[in-house]
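Take a look at the structure set out below.
Along the sequence shown, the residues carry numbers beginning at 1. Remember, it's a predicted structure, so these values are computed and weren't measured experimentally. What you see below is based on every heavy atom in this structure, not just the backbone, and it leaves out hydrogens, waters and symmetry mates.
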Amino acid sequence: MAERTSRQLSASRTVLSAGSPFHPRLGDLAIDLAKAGTIGVVVALPSDSSASYQLRPPGGGVDWRARSDGSTLRPVRVPVTHVTPVRRDAVYDPRAQQAAMAVTVHYEDGGTCESMLVLTPAQLELYYSQLGRMIEARESAQDRRR
């Protein structure tokens, strides 16, 4: 599978509330608040000939229309599957008293994006201890295989 990189939204639960409008593109999944949070695929955009978005249930079914200003539409968030470190040096900023490490966030749909893992001094000490135990367990397992 080819690696795709895209900007994804966080995997937090979708809140069905008013806010700034979402202007989806053709093929995007959107939640329509005016239809009690129904999810649809955008199959037509507002244009000179159509004054609204047209959506269709992901598996097919009856189309419906949503307001052209996007005020009732919200993005569907893609769940994160895992996060991996990027092969770059982590840095510690003594003024901010935090460490930062580049990571790649992997999404359920195959998309990825780069982000930063920021750690406090207490978190650094905790993970230092945990990583040390994992390294020891790995070395012990390798010794048993020999």
Side-chain angles (χ1 to χ4, degrees), residues 1-46 52-61 63-146:
M1 173 167 74
E3 182 176 330
R4 295 184 300 152
T5 301
S6 60
R7 292 186 182 269
Q8 299 290 333
L9 299 165
S10 69
S12 63
R13 290 192 176 263
T14 302
V15 177
L16 302 178
S17 63
S20 61
F22 168 57
H23 300 286
R25 297 172 294 182
L26 273 179
D28 283 354
L29 285 176
I31 295 172
D32 190 352
L33 303 179
K35 290 219 17 131
T38 302
I39 295 175
V41 178
V42 177
V43 295
L45 301 174
S52 58
Y53 285 96
Q54 185 174 339
L55 293 96
R56 178 176 300 142
D63 291 6
W64 76 91
R65 299 200 175 278
R67 294 177 54 149
S68 63
D69 64 2
S71 62
T72 65
L73 300 177
R74 296 293 178 272
V76 174
R77 292 167 175 11
V78 179
V80 172
T81 59
H82 61 287
V83 177
T84 56
V86 174
R87 293 185 181 197
R88 277 190 241 143
D89 283 343
V91 294
Y92 182 78
D93 182 348
R95 289 179 296 159
Q97 294 187 4
Q98 63 186 21
M101 178 176 19
V103 295
T104 300
V105 180
H106 301 264
Y107 295 91
E108 195 172 77
D109 68 354
T112 61
C113 72
E114 279 199 20
S115 190
M116 295 298 290
L117 173 62
V118 178
L119 301 166
T120 65
Q123 291 168 325
L124 277 174
E125 290 177 22
L126 172 66
Y127 298 132
Y128 174 79
S129 172
Q130 290 178 351
L131 287 167
R133 287 194 302 270
M134 286 188 281
I135 291 169
E136 288 173 9
R138 178 177 174 261
E139 289 171 349
S140 178
Q142 286 177 335
D143 288 344
R144 283 193 296 267
R145 281 190 224 142
R146 293 180 191 168

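- Applying the salt bridge (Lys or Arg N to Asp or Glu O under 4.0 Å) rule to R56 yields the partners D63; only residues at least two apart in sequence or on another chain are considered.
- Here the closest non-hydrogen pair linking G40 and W64 is CA-CH2, 3.6 Å.
- A 6.0 Å sphere centred on CD of Q97 holds no more than 12 heavy atoms belonging to other residues, nucleotides or ligands.
- L73 is not listed as a side-chain neighbour of L33, based on a closest heavy-atom distance of 4.5 Å or more.
- Across every non-hydrogen atom of A66 and T72, the tightest pair is CB-OG1, 4.1 Å.
- In this view, R88 and E114 satisfy the salt bridge (Lys or Arg N to Asp or Glu O under 4.0 Å) rule, not counting sequence neighbours.
- The environment of CG in D93 is crowded: more than 12 heavy-atom neighbours from other residues, nucleotides or ligands sit within 6.0 Å.
- Taking each heavy atom of P58 and I39 in turn, the nearest pair found is CD-O, 3.5 Å.
- Under the 4.5 Å side-chain criterion, counting only non-hydrogen atoms from C-beta, T112 is not in contact with Y107.
- Taking OG from S129 and CG from L124, the interatomic distance works out to 12.5 Å, rounded to the nearest 0.5 Å.
- Listed by first and then second residue, the salt bridge (charged side-chain N to carboxylate O under 4.0 Å, His left out) pairs involving residues 127-143 are D143-R146 (not counting sequence neighbours).
- Listed by chain and number, the residues in a side chain to side chain contact (heavy atoms under 4.5 Å, CB included) with A137 amount to none (sequence neighbours excluded).
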Report task. Output, in order, the C-alpha distance, side-chain angles, deciding distance and verdict of side chain to side chain contact (heavy atoms under 4.5 Å, CB included) for Q98 and Y92. Result -> CA-CA 6 Å; Q98 63 186 21; Y92 182 78; 5.5 Å; no
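- Within the structure, ring pair (Phe, Tyr, Trp, His ring centres under 6.0 Å) contacts touching residues 124-146 (residues at least two apart or in different chains) do not occur.
- For the pair A30 and L55, the tightest heavy-atom approach, listed with the atom from each and the gap, is CB-CD2, 4.0 Å.
- Heavy atoms only, all atoms of each residue included: S68 and Y53 are closest at O-CE1, 3.6 Å.
- In terms of heavy atoms, R67 sits closest to S71 at NE-OG, 3.4 Å.
- Checked by atom type and distance alone, the side chain of T38 never pairs as donor or acceptor with a backbone atom of D32 at under 3.5 Å.
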Output a table of donor-acceptor pairs, distance under 3.5 Å, between side-chain atoms of residues 116-123 and any protein atom two or more places apart or on a different chain; print 'none' if there are none.
from: T120; atom 1: OG1; to: Q123; atom 2: N; distance (Å): 3.2
from: T120; atom 1: OG1; to: Q123; atom 2: OE1; distance (Å): 3.3
from: Q123; atom 1: OE1; to: T120; atom 2: N; distance (Å): 2.8

